[in-house]
Amino acid sequence: MSASMPEADWMDGDDEASPAPARSSSRYKGVVPQPNGRWGAQIYERHARVWLGTFADEAAAARAYDVAALRFRGSGGAVNFPGAGGVPSAAEMAFLAARPKSEVVDMLRKHTYDDELRQALRSGSGAGERGDLSLSLVPRVALFEKAVTPSDVGRLNRLVVPKLHAEKHFPPLAGDEDDATAPPVLLAFEDVGDGGKVWRFRYSYWSSSQSYVLTRGWSRFVREKGIVAGDTVAFSQAAAVTDDGEVVGGKRRMFIECRKRKRDDDDDDRGDDDCCPDGGARVVRLFGANIAAATIGD
DNA sequence: AGCTGTGTTGAA
DNA sequence: TCAACACAGCTG
């Protein structure tokens, strides 16, 4: 179901005008009648029942089951409301995939799922968005960030990547152990603050300074984003969320995001060429502090 | 006092 | 896996 779908549309069954006492059973999958005339929703996983809450409307309970089925079994699972409202959008699937089952179940039990989904969809659908899949909904793991130095934004046209982070999160560069200059590698990053615009940088090791650097492409990034010394560039990587909400790296997609250095109160400077189109501090939902991000280099 | 959500069982 | 049924507990 999509967030834009009015709930009332499918909330009317046959027994709308009458308070209708509990029927002996529901026509919807995962829905069970409650003694008081309300409806309960449940889904089974591994022999165990997962209670999804009770609902006044039979169809609302059925929809709760659908949501759970989407999260527990993927878009392939049988659902009560296929078609129209039941068609899971890529964005909704991402929304679901980005949170642990327990959280989804909580939202269903508290009847807050639709609100949360709408809110996430709204905040994620900025003007610069390209696909219909909001980047803010893509689960990501933070890799590292660096406050850029004057030389990082100066004429050197390069960003020094702290050795520890480079070696831990970026693909290994042959030759970084000996004094030979490693062959350059091209890395692509999706811009979290700009609807996924892709930035490509040459990544290499400068043996002369014994530094890992992002070179070609970096200066353009600095210029277009208006990055100045003191600002921060953050790197993250696509991740997957397990049943328990544990985040695991795995996908190769990497992301970059720039954050303006916090200014006390003086000027807010130009508000559009900024690196964060939305205006204020963009809140990106990142997961878990301690995740074993998969090695990018495979 | 009401309701929710679990215990449990038999069918699919 | 799934739902029917009973009712233990919980909530207010």
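To find a chain, count down the sequence lines: A is the first, B the second, and so on, and within it residues start at 1.
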Among residues two or more places apart or on two chains, list those pairs meeting salt bridge (Lys or Arg N to Asp or Glu O under 4.0 Å) that have a residue in residues 155-164 of chain A. A:D152-A:R158
Look at all strands and tell whether A:G40 reaches a base, only sugar-phosphate, or nothing, counting heavy atoms closer than 4.0 Å. nothing
Under the side chain to side chain contact (heavy atoms under 4.5 Å, CB included) test, which residues partner A:A78, sequence neighbours left out? A:K29
Would you call A:E45-A:R73 a salt bridge at under 4.0 Å N-O? no
When every nucleotide of nucleotides 2-9 of chain C is labelled 5' to 3' by its protein contacts under 4.0 Å (heavy atoms), B for base, S for sugar-phosphate only, - for none, what sequence of letters results? BBBS-B--
Return the set of residues passing side chain to side chain contact (heavy atoms under 4.5 Å, CB included) with A:H111 (not counting sequence neighbours), or none when no residue passes. A:F55
A:F201: ring pair (Phe, Tyr, Trp, His ring centres under 6.0 Å) partners, not counting sequence neighbours: A:F189, A:W218, A:F221
Could you note down all residue pairs passing salt bridge (Lys or Arg N to Asp or Glu O under 4.0 Å) where residues 202-221 of chain A supplies at least one of them, sequence neighbours left out? A:R220-A:E224
Just jot down the side chain to side chain contact (heavy atoms under 4.5 Å, CB included) partners of A:A147, sequence neighbours excluded, or say none. A:T232
Please name all residues satisfying ring pair (Phe, Tyr, Trp, His ring centres under 6.0 Å) with A:F144, sequence neighbours left out, ordered by chain then number. A:H165, A:H169, A:F170, A:F235
Quick one: how far along DNA chain B does chain A reach, first to last nucleotide 5' to 3', anything under 4.0 Å to a heavy atom? B:dC3 to B:dT8
